Amino acid sequence: METGVHSHAVAVLNNFLYILGGQNHFEERGKTAVATVARYDPRFNTWMKIASMNERRAGFHVSAVAAYNRLYAVGGVNSVGRLSSVECYCVEEDRWKYVASTQNAICDHASCVYKDQMFVCGGFSEGKFSDAMLCYNPKHDIWERRSNMQTARGWHQMVTYKDKIFVIGGNAGLNKRQDVIETECYSPEFDQWTIVSPLPMGQSEAGAWVFQKKIFVVGGYCWSARRCIKIISTYSPENDEWERVGNLPRGLAGLKLCTMILPHHLVR
């Protein structure tokens with residue numbers, strides 16, 4: 001990339017990788033947030049700048065809804081404060097437009113897509129970490145409240161696996177940071193939460209994605225150890241088991257994971 005970022009968002013749509021917003025310089029409250037969007041084309045191994053978002057955003061989340069060929073950027077924070085706005089990227093027109101907001105400003109949350117609907121949970125809202133679960137319907141441009149998580153959290157991860165949504169890790173402390181190791185499983189069909197096997201150790205701002213029937217959780221920050229960690233773990237939803245499978249070269253937090261199809265000449 002031309003410029004490095006953190007507190008950004010990542011999405012894959014039509015096998016293009018999108019890097020959105022974030023900050024070029026570290027600042028805890030998002031005062032240096034940017035609105036820029038870069039798109040990576042694996043066919044030619046090139047980056048391209050596309051239309052910037054309407055708002056500068058850090059600590060936010062983006063979901064790709066393939067059925068509508070759209071990206072949705074939710075909440076975040078910038079120099080004005082936390083955001084409730086939501087905007088949608090139209091690929092065909094290369095432009096962003098506002099859609100229904102979340103009503104309450106939110107940042108450091110997580111989101112995923114299930115059956116063409118976007119689910120958003122947790123994050124920092126109204127002066128505390130949230131346990132709320134929201135569902136957005138792109139077809140009707142409406143939000144609805146679902147059952148709350150059992151544990152409020154922020155800086156966590158959220159992934160879809162088959163007919164379930166898994167919420168992993170994060171932080172729940174304000175004055176004193178506190179790792180959340182509880183893993184929760186949500187059934188969209190029954191609007192019901194279940195506790196499954198916890199993380200072996202705290203991981204806030206880790207990367208998470210599904211690959212080959214397992215959920216990979218990579219790096220992050222462990223508050224009890226007070227350091228960035230390099231652990232690569234996998235969770236098997238079929239067996240409800242965690243396994244440590246490797247390490248990063250060094251400890252990293254603020255990671256984003258995704259899967260793409262790469263051409264042969266890029267695969268080493």
Side-chain angles (χ1 to χ4, degrees), residues 59-61 63 74-76 82 84 102-115 117-137 143-210 214-225 229 231 233-244 253 257:
F60 69 117
H61 218 281
S63 287
V74 180
R82 287 185 291 276
S84 63
T102 57
Q103 300 299 315
N104 294 324
I106 185 173
C107 66
D108 303 322
H109 49 287
S111 72
C112 66
V113 174
Y114 174 78
K115 289 190 175 179
Q117 293 187 321
M118 180 170 59
F119 289 79
V120 175
C121 76
F124 194 79
S125 181
E126 299 181 314
K128 61 182 180 180
F129 286 107
S130 172
D131 59 3
M133 171 70 110
L134 304 174
C135 177
Y136 176 73
N137 186 323
W143 289 90
E144 67 171 332
R145 186 76 178 255
R146 296 292 185 93
S147 294
N148 292 345
M149 291 186 292
Q150 298 190 34
T151 304
R153 63 183 86 200
W155 296 312
H156 53 295
Q157 296 302 319
M158 187 177 183
V159 296
T160 303
Y161 180 83
K162 294 186 177 180
D163 62 343
K164 298 290 192 299
I165 292 172
F166 290 85
V167 177
I168 302 164
N171 175 274
L174 293 179
N175 298 324
K176 182 179 180 181
R177 301 298 188 192
Q178 180 181 344
D179 291 315
V180 176
I181 63 170
E182 288 80 9
T183 303
E184 300 190 44
C185 174
Y186 177 74
S187 168
E189 301 297 330
F190 298 101
D191 189 29
Q192 186 175 31
W193 291 93
T194 305
I195 297 292
V196 294
S197 292
L199 277 167
M201 67 183 300
Q203 288 181 265
S204 295
E205 298 183 87
W209 200 254
V210 175
K214 291 186 177 181
I215 299 172
F216 280 74
V217 181
V218 180
Y221 191 86
C222 179
W223 289 96
S224 60
I229 58 177
I231 294 171
S233 300
T234 61
Y235 173 75
S236 169
E238 309 296 337
N239 301 321
D240 189 27
E241 292 179 347
W242 287 93
E243 179 184 4
R244 182 168 177 171
L257 297 190

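Because only heavy atoms are used, hydrogens play no part in the values below, and waters and symmetry mates are left out as well, while side chains stay in. Every value quoted in this text rests on a predicted model; they were computed, and no experiment measured them. Along the sequence shown, residues are numbered consecutively beginning with 1.
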Hey, what do you get for NZ (Lys214) to CG (Asn239), rounding to the nearest 0.5 Å?
8.0 Å
What pairs meet the salt bridge (charged side-chain N to carboxylate O under 4.0 Å, His left out) rule with one or both residues in residues 154-174, with sequence neighbours excluded?
Lys162-Glu238
Rounded distance [0.5 Å steps], CD1 in Ile165 versus OH in Tyr114:
8.0 Å
Pairing residues for Val210 by the side-chain contact (heavy atoms from CB on, under 4.5 Å) criterion, not counting sequence neighbours:
Val159, Tyr161, Ile215
Sub-3.5 Å donor-acceptor pair from the side chain of Thr102 to the main-chain atoms of Ser84, do we have one?
yes
Gln117 side, atom CD; Ser63 side, atom OG - distance, nearest 0.5 Å:
12.0 Å
For Gln178, give me all partners under side-chain contact (heavy atoms from CB on, under 4.5 Å), at least two apart in sequence or on another chain.
none
Tell me, please, which residues at least two apart from Trp209 pass ring-ring contact (aromatic ring centres under 6.0 Å, His included).
none
Sequence neighbours excluded, which residues qualify as salt bridge (charged side-chain N to carboxylate O under 4.0 Å, His left out) partners of Glu241?
none
Does any non-hydrogen side-chain atom of Ile195 lie less than 4.5 Å from one of Glu184?
yes
Do any N or O atoms from the side chain of Gln203 and from the backbone of Gly219 form a donor-acceptor pair under 3.5 angstrom?
yes
Hits for ring-ring contact (aromatic ring centres under 6.0 Å, His included) against Phe166, two or more places apart or cross-chain, chain-then-number order -> Tyr235
Sub-3.5 Å donor-acceptor pair from the side chain of Arg146 to the main-chain atoms of Phe119, do we have one?
no
Please state whether the rings of His109 and His61 are parallel, tilted or perpendicular, taking 30° and 60° as the class boundaries.
tilted
Scanning both residues in full, the closest heavy-atom pair of Gly169 with Arg153 reads O-NH1, 3.0 Å
Pairwise ring pair (Phe, Tyr, Trp, His ring centres under 6.0 Å) hits with a residue in residues 185-208, at least two apart:
Tyr186-Trp193
Work out which heavy atom in Val217 is nearest to a heavy atom in Ala208; give both atom names and the distance.
CG2-CB, 4.3 Å
Using 0.5 Å steps for rounding, measure from the CD atom of Glu144 to the CG atom of Leu134.
9.5 Å
Which heavy atom in Asn148 sits nearest to a heavy atom in Ala132, and how many Å separate them?
OD1-CA, 3.7 Å
For Phe129, the ring-ring contact (aromatic ring centres under 6.0 Å, His included) test, sequence neighbours excluded, returns Phe124, Trp155
Passing option when Met201 is tested against Ile229, Asp179, Ile181 for side chain to side chain contact (heavy atoms under 4.5 Å, CB included):
Ile229
Taking atom CG of Asp108 and atom CZ of Arg82, what is their separation to the nearest 0.5 Å?
9.0 Å
List the residues meeting side-chain hydrogen bond (donor to acceptor under 3.5 Å, both in side chains) with Ser187, not counting sequence neighbours, and say none if there are none.
none
Main chain of Ser197, side chain of Asp240: is a donor-acceptor contact present, judged purely on distance under 3.5 Å?
yes
Would you indicate whether the side-chain heavy atoms of Val74 and Tyr136 approach each other to under 4.5 Å?
no
Qualifying residues under salt bridge (charged side-chain N to carboxylate O under 4.0 Å, His left out), relative to Glu205, sequence neighbours excluded:
none
Please enumerate all residues that pass side-chain hydrogen bond (donor to acceptor under 3.5 Å, both in side chains) together with Arg244, with sequence neighbours excluded.
Asn247
Phe60 side, atom CZ; Cys107 side, atom SG - distance, nearest 0.5 Å
12.0 Å
So the side chain to side chain donor-acceptor pair (under 3.5 Å) pairs with at least one residue in residues 121-130 (sequence neighbours excluded) are none
